[in-house]
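Quick note on labels: first sequence line is chain A, next is B, and so on, each numbered from 1. These numbers come from a predicted model, not from an experiment.
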Amino acid sequence: MATIAEPQRTAPQQPTYHEITRDVVATLGRPSRTYFVLLAVVLVVLALGAFALLWQIRWGLGVAGYTPPVLWGVYITTFVFWVGIAHSGTLISAILYLFRSAWRTSVYRTAEVMTVFAVLTAGLFPLIHVGRIWYAYWLFPYPNQRQLWVNFKSPLLWDVFAVSTYLTVSTLFLIVGLVPDVAAVREKATGWRRKLYEVTSLGWRGTDQQWRHYIRAYLYLAALATPLVLSVHSVVSWDFAMSIVPGWHATIFAPYFVAGAIYSGVAMVVTLLVPLRKVFKVERYITVDHFENLSKLLLLTGLIVGYAYAVEYFIAWYSGNPFEQASFYNRAFGEYWWATWTMIICNGFLPLLLFFRKVRRSIPALFVLSLFVNLGMWFERFVIIVVSLSFEYEPYAMGHYTPTWVEWSILAGSFAWFFLWFLLFAKNFPMVSITEVKEIIPMPRKARPGT
Amino acid sequence: MANGDGMNRRRFLKVLGAAGGGAAALSGCSGDATDKLIPYLVPPDNQIPGIATWYASTCRECPAGCGVHARVREGRVVKVEGNPESPVNRGRLCARGLASLQGLYNPDRIRGPMAKGASGEFEPISWDDAIARITERLQGATGDLIRFVTGNEAGTFDRLVTEWLRALGAADPVVYEPFGYEALRHASRQVFGVDQLPRYDFGAARYVISFGADFLETWLSPVEHARGFAEGHGYRDGSMGRYVHVEPRMSMTGMSADEWIAPRPGSEALLALGMAHVIVTERLVPRQPDTFRVEQLLDAHAPADVAERTGIAAATIERLAREFVAEPSVAAAGGVGAQHEQAHVTAAAVNVLNYVAGNIGRTVLYGADLNPAGPSSYAELGSLVRAMRNGGVGVLFVHGVNPAHAAPAGTDFAGAMERVGFSVSFSRFWDETAMHADLVLPDHDPLEQWNDFEPRAGAYALQQPVMQPVFDTRQSGDVLLAVARQAGGTIAARFTAETYKDYLQQGWQRLQRQLGDFRPFDAFWTEALQRGGVWRDAPARAVRLARTVTDLQEPATRSAPLDALTLIAYPSSALYDGRGANRPWLQELPDPVTKMTWSTWVEIHPETAAARGIREGDILEVTTSAGTVEAPAYLYPGLRRDVIAMPLGQGHTAFGRYAEGRGANVYALLSTDVTDFGGFSHYAASTLRHTGRHEYLAKTEGKSRQMGRGIAQAVTLAALQHGEHGEEHGGHAAPVPEHVEQLLDEVQEAQDADTRYGDYAGDLPRWALAVDLSKCTGCSACVTACHSENNIPTVGPDLVRRGREMAWIRIERYFEGGEDGEPLEARVLPMMCQQCGHAPCEPVCPVFAAYSTPDGLNGQVYNRCVGTRYCSNNCPYKVRYFNWFDHQNPADPAFSFPDPLHWLLNPDVTVRSKGVMEKCTFCVQRIRGKQHEAKLAGRELEDGEILTACQQTCPSDAIVFGDLNDPSSRVHQLSRDERGYSVLGDLNTRPGVTYLRKVRNLTVDEA
Amino acid sequence: MNKTHPGGILAAYQHVDAAAAAIKALKAKGYRDVTVYTPVPNVEIAQAVGHKVSPVRLWTLLGGLLGCASGFALTLWMSYDWPLVVGGKPVGSVIPYVVIAFELTILFGAGATILGLLFHSWRTRQAGAYDGRFTDDQIGIFVACPVERRPAVEELLRHSGAVEVRVET
């Protein structure tokens, strides 16, 4: 049986099932003006990004700042960034599910939604970055008249499979978890919304048979998603680790990237939850305890990431490989020192503040911190990708890369794209799982025990 | 680009038809356009679509006069290569020669006769009208008012002009060359009493000392010199020559030197005399008969006396003297070293040095005189300009030279032209001179015209039209004859020739008789055409010291303000005196020394710069007595600290889209004062001012030091002779343990077994290159050859700044030493795709666009490429090039081949669209071509039959291509040479390119 | 909802133990066609209803195996269908193909699980009367039974502590 309730430390008197349904359904009420303002802003930025992309397609990748030997830049950096973001969702919804940790119930929906839309965003970047986007479909092994297949030895192809699998599975996972909630909302809804929910709840009524299969299916989905989430970012890290570029070619990359991914993902969850619980007035369900748990997760992964940084430098020195050594010296003291130190301070040092309970339980502090971590993690990818490439084997061929307005616009556009989906979803589907929040609260029993 | 006189389909077909027809006879094309619209209605002989026809002709980009073979496909020239039969270049060609194609197809060529109207604007006119106008003008002018300026035309055209002028009762033409070797001729006259330029046999010399002569770049006959130098100096079984370069600046030629000596600017003569002194007083060689004539002079120049004034230790001077006579040697003065106030003294002193060392007649050959006619001096141009200003010139003709740009700006030839009644330019381009002419009658391009050239006494090189003229131009010779005919009377009577071709043939009939050849003329003519000319050895001529040698007065020490830096204005090795500036290939060709493109720069020593707070890219204002120009600073350790250097050739105010308004005109810094030898000085005292502005340099180089990575490796001769052929400086990664090696090999074998599959089974060739770094001079001819062969676009300065140049082969230049007292060493290394056995680029491509061909190339399928660029990230050599823009699309602003430049595209090689990766494949089209030839002939390929474009043109024969699996092949042997190594071999990429370490012939006290 | 359900008695419960007891009682009386609605999955109810473990897990297993197999098959067949050598590596290199096989294992496994869920929920669908409260905070029990037995059932349910009992026709 799914989650056995454990006593909630806070919540003096627990909400009743009815209150839960009521409060969550309330979040789907008529959107405020600010909501539409936000939506407008998002659309404008998205339009800018789209224009930049069309501009790039029309004239060629040259309009971006690429400077050989740096042939991957902001796009791949941002791709890895979003894939990373996508990881905490599945972690919280699947791994913590298997670990039976009750606190996940009220935050996992937000995390999962974030996951799906983050992958959706990440998925755009391989397309944006290729030279001939109109032929990007050649990366799929479809039968063509020349029987020419794809090269399964290429890490990029592993990516194609990993990311598309991840998108599919996490989407299924989200939908499955959503069905009973939609059914619950359905009963309160009217008009077109009701029709929408009737369709999307797939005729859910919560019968004993439905629950019987549902519980199993959910359990196995979680069991599958767990190794998947670990594999996806490992595969992404192999895009780099499989190459011979000094600064990329390292066996630590898979765990290093996975930790980093969860780290950035949790940070993003915090960034999203803080405003969300205010706007949706669900403080009762998403409590400071939840944030403390999240920040513990943040601290743990942050420490792993910091350790990974240290190991990278240690190995560079210990390997005795002059190319590796030069590459890392260049990272810390070369033309891009500022990027490297941004990353080290944001990801390595700031999270140490989380050792203090005060910080862990101060929501404003966490919010600010999470922003820094997001920034730091973007720069981590920038440093790994750009700085390593700018300082490879051939001294004659070394170069310096600076992005142009096109890259910045598309980067901004990607955030707009993400928030567009997030905003639309938040107003139409419960961002707090009705069912699972109920689950951790024991059902009312008759006053006298037994009989 | 599709304006009226563009190359529309109809005209193209005409040309096609005509060239086809013309090609039927080896005599090439007839001048007049054919009216056939459909080509090949009657298929002409030896003109099969898809099969190239080759025509022999002569390169006229510089006075060296190399023979060329023009490769013609369907009536268009698509490439020029060296003519193996020409004794000058023996089948090789320099970058400028290869770029002559971009002169022919230059989009800014003048497309028909133009006349300046009342408005001052040029308007097109008809040829008849043009000729009528000239005749009319000439009738209005008396002989003394008619003047003619030509470039260095040693041959029939020169004769025609002279004869024509004489017919008009006018003075002989002024033959102007900015680098006119006046000093050398002056010195020959003074020392040997002969008015000649000797030939220097670098091949026969084992010891070369150059006093500023950039004999591998622009001086006299670079390609010939490079070949000779490679023979004489290149390492061969245990020994090699030694080369000492004496110049305040280390030029590209200087980079090949084993020792670079930087004397005080202008004091080279003293060094030469000092050496001569040692040789004579210590009787190091048998005394030459006339040595007594110079004894007095030499007595005054003991090493001790000159040491201080030259800034070179006496001991060094003595050492040089001993080395100089130890083996067959040659000393040469030239380049900008022979272009300063004291250059004639330098040249004379060097002659004396050669004489006392007994080199005259051995390595310095009089008799086989280099371009015998020879240019007249700058002084003569000066007096002409004065005449023009005083209205002493009624009608002026200018042909094949651009004095309005390529002369000290103060000369103001353009200004003087305004004072001339009527000036006619025969220029092919809208250059500065043409812009100021009243009438512009565009000449044919050398590849379109009948002509000949005499590179040296005894060598008669022919030019023939290799294709139909691209535009409505007309050969200047024909114009002159037409004018004469129209003038009628005695003038017409002097010319029996109908066309210039007839005139040329008349000359060659005389030549045939001279040469004692009594075959029918047609046989003689046809053979000459096919071979590109007639080659005879002129008898050597013994010379003795002339009496005049005694009044060889010693150089006055330069007087300059204390803080002044001596400016050296040197000829750009690509743009020469500026005539190459409208060729995008040459503009984008990285300067061999600085790796700069598309611009002018100020070379300054890092320490001097530091002392003045100048960083690279700071825009400096350089001021001399003559003028002021601005250019960005380039920190170059190969300079004396009291010297700055700037390349000539840029700063055009006209001359087409590629030249106009680029860089600065360094001629503006040169004084118009005529030197004692009649030339002008390329040295000037200058002052610097930091404008406070800054720009990113358009250079193709990332870092100039190799950080001990052993990319370009070298070894000393001494070490080699002691059997150590490892690299000179500390190696890179630690050695791999034995057992690991073994393990790797086993894994390797297992893998190879699994790769022998399908087409990959069976024994196929493994194409490979060997590059001998002891021969490579860094001249970069291979780079331009590659552009020409493989349709590589030029991207322009802005993209070069972003590191987006496309050249598939690049010359990497690294500096060693040069800090805290140790001598500066420059190393060059041609870097092209290494065609790795374990190519890191291939497995990362998701779509198999990069893959191993069964014959060992790293193939690249352009139309399969999606553009993930992972291959380039993973290439340790960085030899893959991405199409950032649509350089092949006429509708795109980045279009690199504006009409009719796209005519030079090689039909055997595809053009690449935006978003795909491209790279060197060892000219796979040439490989397949030869394979097919062999197959059709039913024979095996021979080693050396396939030549890659870079190898084909390499003047010093440093590149060798062949099949590694064929044990008898040259490349196979070289790959096992003791000096052989693979760049970054530790990465186990198993490259197909083997580099042979550069060998440095250091003297005992250096090594 | 669809009104095509057989007639019967629908009871709503506030308390889980009451509902569970009622279910047990019904079973004891031999009522088979009982549908229980709960807002959340609940142990007591499940035990009372006493279903066997869902067969969905078999789908997951088979899907996973199929994915793994097709992963290797796809990569190896495509490699040899047009053999191209890259970087001197074997044409069919199993090691890198493990990644593909793994991803397909997950993909097919997840896909099959969903199909299994849909299929079995459809096969064991229960067409009983329904009330919106059952997804909110109440437990519903629907007993399909012919008219003559309804009073007895209604009686049983009322006494087991239903907050509301309704006859559905």
Side chain, backbone, both or neither: which part of [X] has a heavy atom under 4.5 Å from chain B?
{"X": "Leu148(A)", "value": "both"}
{"X": "Thr402(A)", "value": "both"}
{"X": "Phe140(A)", "value": "neither"}
{"X": "Trp149(A)", "value": "backbone"}
{"X": "Ile57(A)", "value": "backbone"}

Among Trp884(B), Phe885(B), Tyr851(B), Tyr814(B), who wins on heavy-atom pairs under 4.5 Å with chain A? Trp884(B)

Check: Gly399(A) main-chain N/O paired with Lys703(B) side-chain donor or acceptor under 3.5 Å: no

Quick one: does Arg804(B)'s side chain have a donor or acceptor within less than 3.5 Å of a partner on Gly62(A)'s backbone? yes

Is the NZ or CZ atom of Arg869(B) positioned over Tyr66(A)'s six-membered ring, under 6.0 angstrom from the centre and within 45° of the axis? yes

With side chains defined as the heavy atoms from C-beta onward, is the minimum distance between Lys878(B) and Met398(A) less than 4.5 Å? no

Is there side-chain contact between Tyr396(A) and Ile711(B), with at least one heavy-atom pair below 4.5 Å? no

So, the part of Pro876(B) with a heavy atom under 4.5 Å from chain A: the answer is both

